[in-house]
Amino acid sequence: MNAFTLSNFKKIIPKNLIAEGERIYKLGNVKKIVSSDGRDWNADVTVDREVFNVEISIDLEKSITDHFCDCPSETEHCHHQAAALIKLKEILPNFTAGKTNKPKKKDEVVKKKKKSSSPVEAILDEVSMLELHAFIIKSAAENKVFKNLFMLYFADKNESNDRKYYGEILKSTIASIKRNGSLNKSETKKYIKVVEGLSATANDAVNTLKFKDFAPIALSFFETLVPHLKRLDDSEIKLTNIQRTNFTNFVLVAQRAPYEIRVTIIKELLEVIEPILTDLYNAYRFYGFIEMLREFGKIPELKDIFISFIERNLAKGNISNSFWAFSSSSGDTTLETEFIELAKTFYKENNSADKIPKLLAKHTHVAKYRKEYLEYLFDINDYQEVKKLLEKLLFRNEFSERNTYFDPFYLNKLDEVYEKLNDFEGKINALKLRFRLGEFKQFSVVEKIKKMTDKAQWDAIFESIKKDILDAHKAKYRNMFSSFQHPYENKIPVALGHLYVFDSRWDELDVMVKKNNDLESYGTFCEYLLLHNHENTFNTLKQKLQDYLKNPDYSQYANYANVIKALQGVDVETKEFTVQLLRNIKTYHSGKKKLLDELKNVGLI
């Protein structure tokens with residue numbers, strides 16, 4: 001077997017370990033390699049922020065007689081040893097015995113140089129660096145609070161401290177608080193203390209124009225702090241003020257940093273905040289978040305990545321997506337509208353205003369942009385597109401079934417576009433829609449329809465309006481009472497009775513009232529029925545009033561009064577009946593003040 005020497009160790013140690021060792025050596029991570037006699041060597045090798053101790057013994061023939069590394073590898077060789085051997089081979093020809101300090105062995109202690117002023121200093125005076133190193137590694141692994149303090153204090157000693165490094169400090173700090181769910185003010189203070197320390201370092205970096213040192217700390221706040229906001233008690237808004245300062249500082253980076261640095265940092269910032277846009281908006285919409293993005297859009301060097309970021313997120317969002325946050329019926333307080341406004345401003349300031357109509361067209365579910373887009377379409381005389389958009393909005397089933405207020409702007413525009421297109425059928429449908437949205441009360445609209453049509457057309461439209469009334473009546477009770485049927489669902493709606501009156505359809509009105517067979521229907525329509533079917537209606541009402549007054553219903557008093565008043569004005573027979581009826585009411589129901597008040601209201605007593 002060949003001897004293990006400085007000349008042939010690369011043939012003895014596995015190739016993958018040699019390759020990794022060469023990488024570590026080229027990065028300059030063999031921090032120290034010393035010997036007092038040229039035979040026993042001690043090296044510190046740094047990998048991923050951890051320092052490993054390598055010991056190598058050689059003889060006068062440069063044969064390696066012993067080797068050791070304190071890393072956890074269980075193999076005979078490791079990449080730390082390989083890196084140390086490469087370094088040793090380089091420096092050995094220039095080595096002169098006695099010019100380097102003799103390394104301290106594991107059991108060798110540091111000699112006292114002065115009297116210790118505390119028990120801790122006394123212990124430190126007595127332990128070796130290797131012992132202290134081992135203690136710190138062990139304590140950091142077992143105690144997260146100690147680890148966080150150590151990483152925070154020595155952050156500037158770490159040459160590769162990126163946002164993940166600072167994020168680890170923030171994550172470990174909150175993980176060290178032994179509580180699930182929300183944290184109280186006292187527990188949050190532990191976290192705030194660490195955040196304030198990092199924030200001070202970040203602010204100092206910005207003030208001294210060291211933007212590369214500022215960026216990883218501030219980015220870690222977005223990436224790690226924001227997801228925990230709901231758990232923390234920020235009643236003193238300390239965390240909010242720190243983030244507000246971060247927004248301002250990133251604007252300074254965009255304005256003052258050299259070109260390559262500003263583009264790199266802002267690009268990374270946008271990548272970090274994209275997955276948490278909703279949380280950021282919800283937490284900081286009043287504290288500079290949108291203002292920061294708005295300033296980015298003004299920086300010429302950032303315009304490409306800025307508008308790409310805005311357009312990308314607008315493209316993937318929709319009204320039901322949690323991305324939008326704080327949705328309202330008007331859409332005026334959503335993240336979506338904020339982004340649309342950012343895009344509109346950008347297009348106007350960069351001579352791309354022709355892109356705005358296309359942007360508006362994609363977001364017509366938001367009322368303000370729907371109106372803006374409709375006005376644009378009218379300006380360019382694209383009436384077919386107006387018609388398409390309005391019909392989709394106004395005639396969809398879920399809208400036409402709910403009897404709620406709707407902005408008349410759209411109804412007026414619908415009338416206008418049908419007039420522009422000379423669309424007769426459209427005009428009729430628009431008027432029917434007005435009648436439906438007015439809860440079937442605006443008979444002036446129905447009168448207008450009747451004047452526009454001949455008899456055959458009107459009869460067909462009458463039937464369609466009748467169907468609309470019945471469908472809306474059933475839908476109302478289905479929505480109110482869901483799975484079970486309400487008794488009123490099968491009643492004929494009063495609105496249909498008024499439609500019969502409007503079109504003088506007395507026989508159909510009589511059938512409707514008799515089918516409902518309640519005092520409300522008679523109280524509403526008896527005046528018309530008495531005029532067109534006097535005898536039959538009088539006989540029916542005479543019996544019903546006598547029956548009702550045997551056990552009067554408080555809720556029906558107004559209907560009693562309406563029926564009695566209608567009967568009084570028909571002829572002598574009905575008037576004599578009502579006089580006798582009123583006398584009986586005054587005698588036997590004198591204590592029913594509400595009933596007497598209703599009779600007074602219609603001028604009967």
Side-chain angles (χ1 to χ4, degrees), residues 403 438-444 446 466 469-470 472-474 476-477 480-481 485-605:
N403 292 323
E439 297 183 336
F440 306 105
K441 295 177 181 178
Q442 300 175 7
F443 278 89
S444 60
V446 182
K466 177 180 174 180
I469 293 173
L470 291 170
H473 174 76
K474 290 181 179 179
K476 173 183 176 182
Y477 287 99
M480 289 172 60
F481 301 99
Q485 190 178 63
H486 191 274
Y488 268 54
E489 183 176 331
N490 292 322
K491 284 187 63 175
I492 300 176
V494 172
L496 184 56
H498 287 300
L499 182 66
Y500 292 147
V501 170
F502 165 79
D503 207 34
S504 302
R505 302 196 180 205
W506 310 117
D507 290 340
E508 292 177 69
L509 177 66
D510 188 52
V511 170
M512 186 205 86
V513 173
K514 286 180 178 178
K515 184 174 181 180
N516 281 344
N517 195 30
D518 57 36
L519 193 58
E520 179 183 5
S521 297
Y522 281 107
T524 304
F525 299 109
C526 65
E527 184 178 353
Y528 304 107
L529 297 176
L530 285 166
L531 289 173
H532 300 283
N533 193 354
H534 166 264
E535 185 175 352
N536 185 33
T537 304
F538 173 57
N539 291 333
T540 301
L541 289 175
K542 182 166 61 173
Q543 184 59 47
K544 282 188 173 296
L545 280 174
Q546 291 171 340
D547 291 341
Y548 288 144
L549 287 173
K550 289 178 182 178
N551 297 292
D553 182 353
Y554 176 89
S555 64
Q556 297 288 342
Y557 286 165
N559 291 318
Y560 296 162
N562 288 337
V563 171
I564 295 170
K565 183 179 181 182
L567 286 170
Q568 191 183 53
V570 177
D571 57 22
V572 174
E573 183 182 8
T574 59
K575 186 172 183 179
E576 288 178 353
F577 170 76
T578 57
V579 169
Q580 182 62 39
L581 187 65
L582 288 170
R583 187 180 299 120
N584 290 340
I585 291 174
K586 291 176 184 178
T587 303
Y588 299 108
H589 301 285
S590 58
K592 295 182 174 58
K593 185 177 183 301
K594 174 67 176 174
L595 175 58
L596 298 177
D597 286 343
E598 293 292 350
L599 293 172
K600 288 179 182 178
N601 288 339
V602 296
L604 291 173
I605 60 173

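Residue Phe525 forms a side-chain contact (heavy atoms from CB on, under 4.5 Å) with just one option from Val494, Leu530, Asn516, and that option is Val494.
Evaluation of the ring-ring contact (aromatic ring centres under 6.0 Å, His included) rule for Phe538 yields Phe577 as partners, not counting sequence neighbours. For Asp597, the salt bridge (charged side-chain N to carboxylate O under 4.0 Å, His left out) partners at least two apart in sequence or on another chain are Lys593.
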Run the numbers on Tyr548 and Gln556 for side-chain contact (heavy atoms from CB on, under 4.5 Å), then give the verdict. CA-CA 9 Å; Tyr548 288 144; Gln556 297 288 342; over 6 Å; no

side-chain contact (heavy atoms from CB on, under 4.5 Å) for Tyr528 and Leu509? Distances and angles first, verdict last. CA-CA 9 Å; Tyr528 304 107; Leu509 177 66; 4.0 Å; yes

Stepwise side chain to side chain donor-acceptor pair (under 3.5 Å) check, Gln543 with Asn539: CA-CA 7 Å; Gln543 184 59 47; Asn539 291 333; over 6 Å; no

Thr574/His534 under side-chain contact (heavy atoms from CB on, under 4.5 Å): CA gap, chis, key distance, verdict: CA-CA 10 Å; Thr574 59; His534 166 264; 3.8 Å; yes

Where do Lys544 and Leu519 land on the side-chain contact (heavy atoms from CB on, under 4.5 Å) test, with the steps shown first? CA-CA 8 Å; Lys544 282 188 173 296; Leu519 193 58; 5.6 Å; no

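Atoms NZ and CG, from Lys586 and Leu581 in turn, are 11.0 Å apart once rounded to the nearest 0.5 Å. Taking OH of Tyr557 as the reference point, atom NZ of Lys592 lies at 5.5 Å (rounded to 0.5 Å). A distance of 12.0 Å separates NZ of Lys515 from NZ of Lys491, quoted to the nearest 0.5 Å. The distance from atom CG of Leu541 to atom CG of Leu529, rounded to the nearest 0.5 Å, is 8.0 Å. Interatomic distance, CD of Glu508 versus OH of Tyr500, reported as 5.0 Å (0.5 Å rounding). In this structure, SG in Cys526 is found 11.0 Å from NZ in Lys565, a value given to the nearest 0.5 Å.
By the 4.5 Å heavy-atom criterion applied to side chains, Val446 and Phe440 are not counted as neighbours. Taking the side chain as every heavy atom from C-beta outward, Asp553 and Tyr560 approach each other to under 4.5 Å. When side chains are defined from C-beta on, Val513 does not count as touching Ile492, because their heavy atoms never get closer than 4.5 Å. No side-chain heavy atom of Leu531 sits less than 4.5 Å from a side-chain heavy atom of Val570. Two residues are said to be in side-chain contact when any heavy atoms from C-beta on lie closer than 4.5 Å; Asn562 and Glu598 fail this criterion.
Of the N and O atoms on the side chains of Thr587 and Asn584, not one donor lies less than 3.5 Å from an acceptor on the other residue.
Looking at Lys514 and Asp510, a side-chain N of the basic residue comes within less than 4.0 Å of a carboxylate O on the acidic one, giving a salt bridge.
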